[in-house]
Amino acid sequence: MQKIKILHTADLHLCSPLSALGDIAPVRQAELLDAFGRIVDLAKAENVDVLLISGDLFDNPKPSQTAAGYVCKRLAEIPGIKVFIALGNHDAGLDLTFPDNVCVFGGSFERVAFEGFDVYGVSFEREYYESNIIGGFTPDDPSKINILVLHGDLVASG
């Protein structure tokens, strides 16, 4: 079976106001952006095949121009690494032009096929869903490595 090297991250919440932190909030916001930069550096250093971002890259769908520009600039620095983003409940509706190596999944399942593996994904289109967004999902070719990129949690009564 083919090997694939993956780096995964989620829930960075870039541009979060971090208001509970008071005066140190700007310092922590900068550290979060730096952490994203280190993730990109690691992807490059480890020569990963794909970088998966499973939601809430940003804390809201309208990030600052500084943060959005930084993210896009850093992702453009790894053109040979395919980046897959599934928007989460916090960044649902994000309207940002990413570099060509970035695939942002839409609100229904999408598949990107490679030799030996497929990447599937779905993004939040709104903040909250009453139903299971992955109900009934099955990969097209179970003989391949199949990767599903999404963001979510399960809230049940009790």
Side-chain angles (χ1 to χ4, degrees), residues 1-19 21 23-127 133-134 139-141 144-153:
M1 180 174 275
Q2 176 182 344
K3 291 183 180 182
I4 178 172
K5 198 168 196 178
I6 300 167
L7 180 58
H8 172 262
T9 189
D11 289 292
L12 290 170
H13 289 272
L14 302 176
C15 297
S16 174
L18 303 174
S19 52
L21 298 179
D23 293 344
I24 64 167
V27 173
R28 296 296 178 254
Q29 291 165 336
E31 289 173 344
L32 285 171
L33 275 175
D34 183 58
F36 177 79
R38 290 194 316 265
I39 290 166
V40 172
D41 292 341
L42 181 62
K44 190 185 315 183
E46 291 292 328
N47 196 29
V48 302
D49 298 301
V50 294
L51 171 58
L52 308 175
I53 302 174
S54 296
D56 292 351
L57 173 60
F58 295 101
D59 194 60
N60 63 71
K62 296 187 184 303
S64 72
Q65 288 184 340
T66 301
Y70 178 76
V71 166
C72 289
K73 174 184 165 290
R74 293 307 314 266
L75 292 175
E77 293 173 5
I78 53 170
I81 298 173
K82 191 66 177 168
V83 179
F84 293 96
I85 300 174
L87 299 176
N89 55 311
H90 282 262
D91 47 16
L94 178 70
D95 184 20
L96 189 59
T97 302
F98 285 98
D100 291 341
N101 60 317
V102 178
C103 171
V104 179
F105 291 110
S108 56
F109 275 100
E110 297 175 50
R111 171 181 165 243
V112 179
F114 296 91
E115 186 177 328
F117 70 96
D118 290 343
V119 178
Y120 296 82
V122 62
S123 286
F124 273 65
E125 289 186 312
R126 58 186 186 273
E127 188 176 344
I133 64 172
I134 62 168
D140 292 345
D141 186 351
K144 295 173 89 173
I145 295 170
N146 290 285
I147 303 164
L148 177 59
V149 185
L150 59 88
H151 180 82
D153 63 5

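The basis for the numbers below is simple: all heavy atoms, side chains too, and nothing from hydrogens, waters or symmetry mates.
With hydrogens and angles ignored, the 3.5 Å screen pairs no side-chain donor or acceptor of Glu125 with any backbone N or O of Gly93. Listed for the Asp91 side chain is a donor-acceptor partner under 3.5 Å among the backbone atoms of Leu57. At distances below 3.5 Å, at least one donor-acceptor pair connects side-chain atoms of Lys144 with backbone N or O atoms of Phe114. No side-chain donor-acceptor contact under 3.5 Å links Lys44 to the backbone of Ile78. Asn146 contributes a side-chain N or O that, together with a main-chain N or O of Asp141, makes up a donor-acceptor pair within less than 3.5 Å. For Asp49 (side chain) and Ile4 (main-chain N/O), no donor-acceptor pair under 3.5 Å exists by modelled atom type. For the pair Asn101 (side chain) and Leu75 (backbone), a donor-acceptor distance under 3.5 Å is present.
For Lys73, the side chain to side chain donor-acceptor pair (under 3.5 Å) partners are Glu77, not counting sequence neighbours. Residues passing the salt bridge (Lys or Arg N to Asp or Glu O under 4.0 Å) test with Glu31 are Arg28, sequence neighbours excluded.
The neighbour count for Lys62 NZ, taken as heavy atoms of other residues, nucleotides or ligands under 6.0 Å away, does not exceed 12. Counting non-hydrogen atoms of other residues, nucleotides and ligands closer than 6.0 Å to CG of Asp100 gives a total of 12 or fewer.
No hydrogens or angles considered: a donor-acceptor pair under 3.5 Å links the side chains of Asp56 and His151.
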Item to check | Derivation and outcome, side chain to side chain contact (heavy atoms under 4.5 Å, CB included), residues Val83 and Leu52 | outcome: CA-CA 6 Å; Val83 179; Leu52 308 175; over 6 Å; no

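Taking 4.5 Å as the limit, some side-chain heavy atom of Leu96 sits within range of a side-chain heavy atom of Cys72. At least one side-chain heavy atom of Phe98 sits less than 4.5 Å from a side-chain heavy atom of Val71. Proximity of Ile6 to Ile147: side-chain heavy atoms (C-beta onward) are separated by under 4.5 Å at one or more points. Side-chain contact between His8 and Ser54 is present, with heavy atoms from C-beta onward closer than 4.5 Å.
Evaluation of the side chain to side chain donor-acceptor pair (under 3.5 Å) test over residues 32-42, restricted to residues two or more places apart or in two chains, returns Asp34-Arg38, Asp41-Arg74.
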